[in-house]
Structure formats: C-alpha cells, structure tokens
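Nothing fancy with the numbering, it's 1 onward along the sequence.
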Amino acid sequence: MTNRSALARSALVAGLGLQLMAFPLGAQEADRRLSGLLLTEGSGAPVEGAHIRLVDPGEVVLAEALSDAQGAFSLPMPPAGVYRLLVARIGYRSWASDTLHVDWASESRSLRLDIPVEPIPLPELSVSAENVCPTTPEERQRAFALYESVLPILSTVSHTADLGALRMRLIRSSKVYFRAGTYRFERDTTTVVVSKSLDNASPEHLVAHGYADVVDTMTTFYAPDGDALAAPGFLATHCLRPVESEDEATVGLGFEPKPGREVVDVQGVLWIDTIAGGPRELEFQYTSVRPFLREHLEPALRLWIESRHGRVNFSQIQIGDGSRFGGVLHFESIARDRWLIREWRILRPVLVHRGYFAAGSRGQVWPMMYPLEFAGEVLALIPP
C-alpha cells in the first residue's frame with residue numbers, strides 16, 4: 001500500500017469531503033462536462049480511485065468515472081433535471097448524495113457534499129505472520145499493494161452499459177443426440193448484441209457456492225470477472241501473492257483458494273500492465289472439480305449406463321491434465337479510466353466415459369473429465 005493510499009484511508013475513517021464543481025459551457029458547445037474533486041474531510045487530501053456514478057431518479061446510471069491522483073473526475077453534463085451522485089471506494093461503504101439539480105442556464109456552479117464513509121472491516125488484509133496463506137508477510141504486503149492499484153478498474157470492467165451495447169461473437173459447445181441414444185459435442189458460433197461481455201454469477205453467490213453450479217440439471221462454471229475479484233469476499237476466500245514476469249512492463253498478482261475451501265474455486269494469475277496501469281490478462285484454473293462432478297454428474301451418468309448395460313463397476317473419475325480446465329480473460333482500455341473484457345475463453349469440464357461391456361459379465365466404466373469450449377470476443381462497441 002502506498003503512503004498516499006494509507007493517508008487517504010486514515011482520513012476516510014472520519015469522513016469524506018466531496019467538492020463538486022460544475023461548469024456548464026455555452027449552448028453552442030456540445031461537449032459539456034460535469035467536473036469535480038474528491039477530497040478527504042479535514043486534511044483536504046485528494047481521494048484517488050473512487051468510483052463516481054451519476055444516476056437519475058430511477059437509479060439508472062447515466063455516466064460514471066474514476067477519480068484520479070488529484071481526486072478529480074469528469075462526467076458528461078446531463079440535461080437539466082434532478083440527479084444524484086453515488087460515490088464508492090473499495091474497502092468503504094458506498095454513499096449517495098442528496099438531490100443534485102442541474103440547470104443549464106447557470107454559467108458555473110460549485111457544490112460541496114460531506115459524506116461520512118465507514119470502512120468495511122477486511123481482516124484478510126492483515127499481513128502479520130498469523131495468516132493461513134502460504135506466503136510471507138512481505139509477499140502479502142506486495143500483493144495487497146498490487147491488488148489495491150487495480151481495484152478501481154476491476155470494479156468497473158463488467159459495467160459498460162453506459163458506453164453502449166457490445167456486438168460479440170460467442171462460441172458455445174452443445175450436445176447433439178443421435179437415434180441410438182449416443183451423442184457428441186459440437187461448437188456453435190453466433191453473433192449477438194449484449195450489454196456486458198461476460199455473464200456471471202454475483203460475487204456473493206461465488207463466495208457462498210463456488211464457481212460451479214447446477215441449474216435445472218445443467219452444470220454451469222463461472223469465471224473470476226472484475227466484480228468477483230473486486231468484492232471483499234474474494235479476499236476472504238483467497239490468498240494473494242506477487243508473481244514475477246520476464247516482461248519488465250508486466251507484473252503478476254497470483255491468487256489461490258485459502259486452505260479448507262471445499263467448493264469449486266479458482267486459482268491463477270492476473271497480469272497487470274505497469275505502464276498503462278491496468279489489467280492485461282487473467283489466467284485461471286478450476287480447483288476441487290472432481291468432488292463436484294462426483295456429486296452432481298456421476299449419479300446421472302451411472303443411471304444412464306446401467307439402464308443400457310446393467311450393473312457396472314465405476315472407477316474413480318480420471319482428470320488427466322487438470323490445468324486445462326479453466327480459462328483466460330483479456331482486458332482492454334476503451335476510454336479514459338474505462339476498461340472492458342475484450343475477449344475470453346473458458347474450458348468447462350463435463351463428465352464422459354469409456355467402458356468395457358461383455359455379455360455375462362459385469363461391465364467396467366472409466367469416467368473422464370472432458371473440456372467444453374465457451375468463448376466470446378467483442379467485435380464492436382455500439383454507442384447509445
């Protein structure tokens with residue numbers, strides 16, 4: 001954690017002073033901006049990395065931005081009307097401003113909002129020796145500094161609806177059945193227009209139930225997107241470590257489930273571009289997959305096989321190269337302080353089998369994990 005971040009956090013315990021200065025331009029100028037400064041109450045120190053959203057009375061987000069090193073931010077000027085500003089910073093409870101009246105007839109405007117911000121306890125940020133993670137206090141300190149540096153970006157990469165819709169190419173794997181009751185997996189490619197590049201479960205769901213789920217007898221595996229990584233629950237369930245890179249402009253933030261995590265989880269590395277100051281790529285693998293498949297998929301597979309061949313002997317599920325079950329997310333900057341997941345590819349495990357069946361004897365079945373590919377690529381950003 002940098003000294004500047006430490007200063008901001010200590011000042012935020014007492015409260016956050018938000019000074020909003022709006023400067024409407026002349027009517028002939030199209031690019032009107034709503035600019036402001038985030039300052040800590042008392043010391044006046046700038047607050048960097050806060051997430052500011054402008055919402056209408058229906059809580060629809062009209063614009064959002066991140067405060068820079070000076071605490072400054074800039075939003076597109078909305079039409080005359082009534083709005084609110086929502087201010088959030090990782091590790092602190094979010095707050096909303098009182099009603100903000102925007103009048104384009106005014107040539108200038110200055111508004112100050114004092115927002116008490118309560119810190120959210122994050123005991124997992126402790127870097128003392130009494131830590132269940134297999135890292136040294138120094139390694140944890142370095143890892144948390146990296147984590148904090150990209151948190152503002154991670155918290156927004158999954159929310160780009162205000163910038164427009166996304167035209168995407170999606171690849172899905174589906175099961176095609178034949179008359180004899182056999183089947184095979186085929187890839188299907190389609191182009192769609194969506195509001196976000198990667199659908200995912202909520203961070204709360206991932207913490208409570210893990211990165212795999214069964215919905216209507218169908219299994220679904222999730223990815224650690226920006227929301228998942230930025231949530232306090234991710235720190236509560238994962239260990240962080242710094243990872244060196246051969247590229248001097250890249251540094252890695254490694255993560256793995258804390259000991260005792262018994263659901264399907266993820267481990268991997270978030271590669272950070274130290275020049276651009278944002279995430280470049282995330283590589284991950286699923287963990288604890290075999291128990292999940294044994295509980296949720298093996299019974300159905302056993303029932304299907306025995307309905308055709310009678311009682312059989314089942315071997316332990318064969319994993320093979322477990323590292324191939326996981327995925328990669330590629331990030332890209334699309335505007336000032338705005339990033340998105342430009343491309344992703346996930347190999348989800350399913351359960352298949354090979355077997356030996358002979359008349360008059362009990363058959364033998366070897367269940368195996370098989371990877372199904374799911375992928376997406378943003379082709380274009382469609383402005384609203």
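The pair R241-E139 fails the salt-bridge criterion, with no side-chain N (NZ, NE, NH1 or NH2) lying under 4.0 Å from an Asp/Glu carboxylate O.
Atom CZ of F325 sits about 8.5 Å away from atom CG of L293, to the nearest 0.5 Å. For the atom pair CD of E306 and CG of L301, the computed distance is 9.5 Å after rounding to the nearest 0.5 Å. For the atom pair CD (E332) and CD1 (I341), the distance works out to 12.5 Å, reported to the nearest 0.5 Å. Of the inter-residue distances, the one linking L229 atom CG with L253 atom CG reads 8.5 Å to the nearest 0.5 angstrom. Taking CD1 of I346 as the start and CZ of R348 as the end, the distance is 5.5 Å to the nearest 0.5 Å. Summarising the geometry, atom CG belonging to D225 is positioned 10.0 Å from atom CG belonging to D199; distances are rounded to the nearest 0.5 Å.
Counting only distance, with no hydrogens or angles, the side chain of T160 and the backbone of L163 share no donor-acceptor pair below 3.5 Å. Panel note: side chain T220, backbone D213; no donor-acceptor pair is recorded below 3.5 Å.
Outside the 6.0 Å centre-distance limit, the rings of F292 and Y286 are not counted as a close aromatic pair.
At a threshold of 4.5 Å between non-hydrogen side-chain atoms, the residues H353 and V312 do not count as touching. Residues L270 and Y147 have side chains not in contact (no heavy-atom distance under 4.5 Å, counting atoms from C-beta outward). Contact check for S288 versus R261: no side-chain heavy atoms found under the 4.5 Å cut-off. Considering only heavy atoms from C-beta on, L240 stays 4.5 Å or farther from T135 through its side chain. Using a 4.5 Å heavy-atom threshold, the side chains of H238 and V266 count as touching. With a 4.5 Å cut-off on side-chain heavy atoms, N200 and D227 do not count as touching. Counting heavy atoms from C-beta outward, V263 and H209 have side chains that stay 4.5 Å or more apart. Contact of the I171 side chain with the R345 side chain is not registered, since no non-hydrogen atoms from C-beta on lie closer than 4.5 Å.
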**Intermediate values then yes/no, side chain to side chain contact (heavy atoms under 4.5 Å, CB included), R172 and T190** = CA-CA 9 Å; R172 301 185 179 95; T190 183; 3.5 Å; yes

**Asked** Do F234 and F255 pass the ring pair (Phe, Tyr, Trp, His ring centres under 6.0 Å) test, and can you show the C-alpha distance, the side-chain angles, and the key distance before you say yes or no?
**Response** CA-CA 10 Å; F234 188 81; F255 56 90; 5.6 Å; yes

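Heavy-atom minimum distance, P371 versus L347: CB-CB, 4.1 Å. When every heavy atom of D265 is checked against every heavy atom of P257, the shortest pair comes out as CB-CG, 3.6 Å. Taking every heavy atom of both residues into account, S173 and E373 meet most closely at OG-O, 2.8 Å. Shown here for V378 and S197, the closest heavy-atom pair between the two residues is CG2-CB, 4.0 Å. When all heavy atoms of F314 and P367 are compared, the closest pair comes out as CD2-CG, 4.0 Å. Shown here for S245 and T250, the closest heavy-atom pair between the two residues is CB-O, 3.2 Å.
L198 and L372 fall within a single hydrophobic cluster, where Ile, Leu, Val, Met, Phe, Trp and Tyr side chains are chained together by heavy-atom contacts under 4.5 Å. Linking Ile, Leu, Val, Met, Phe, Trp and Tyr residues whenever their side-chain heavy atoms come within less than 4.5 Å leaves L379 and L381 in two separate clusters. Residues M368 and V264 fall within the same hydrophobic cluster, defined by Ile, Leu, Val, Met, Phe, Trp and Tyr side chains chained together at heavy-atom separations under 4.5 Å. Placement of L151 and W339 within a single hydrophobic cluster is found when ILVMFWY residues are connected by side-chain heavy-atom separations under 4.5 Å, directly or transitively. V207 and F221 are members of different hydrophobic clusters when ILVMFWY side chains are connected at heavy-atom separations under 4.5 Å.
For the side chain to side chain contact (heavy atoms under 4.5 Å, CB included) with V251, the lone residue among D273, V243, L146 that qualifies is L146. Each of E283, E281, H330 was checked for a side chain to side chain donor-acceptor pair (under 3.5 Å) with W271, and the lone residue meeting it is E283.
Residues S315 and Q364 bring a donor and an acceptor atom of their side chains to less than 3.5 Å of each other.
Within a 6.0 Å sphere centred on CZ of R294, heavy atoms belonging to other residues, nucleotides or ligands number more than 12.
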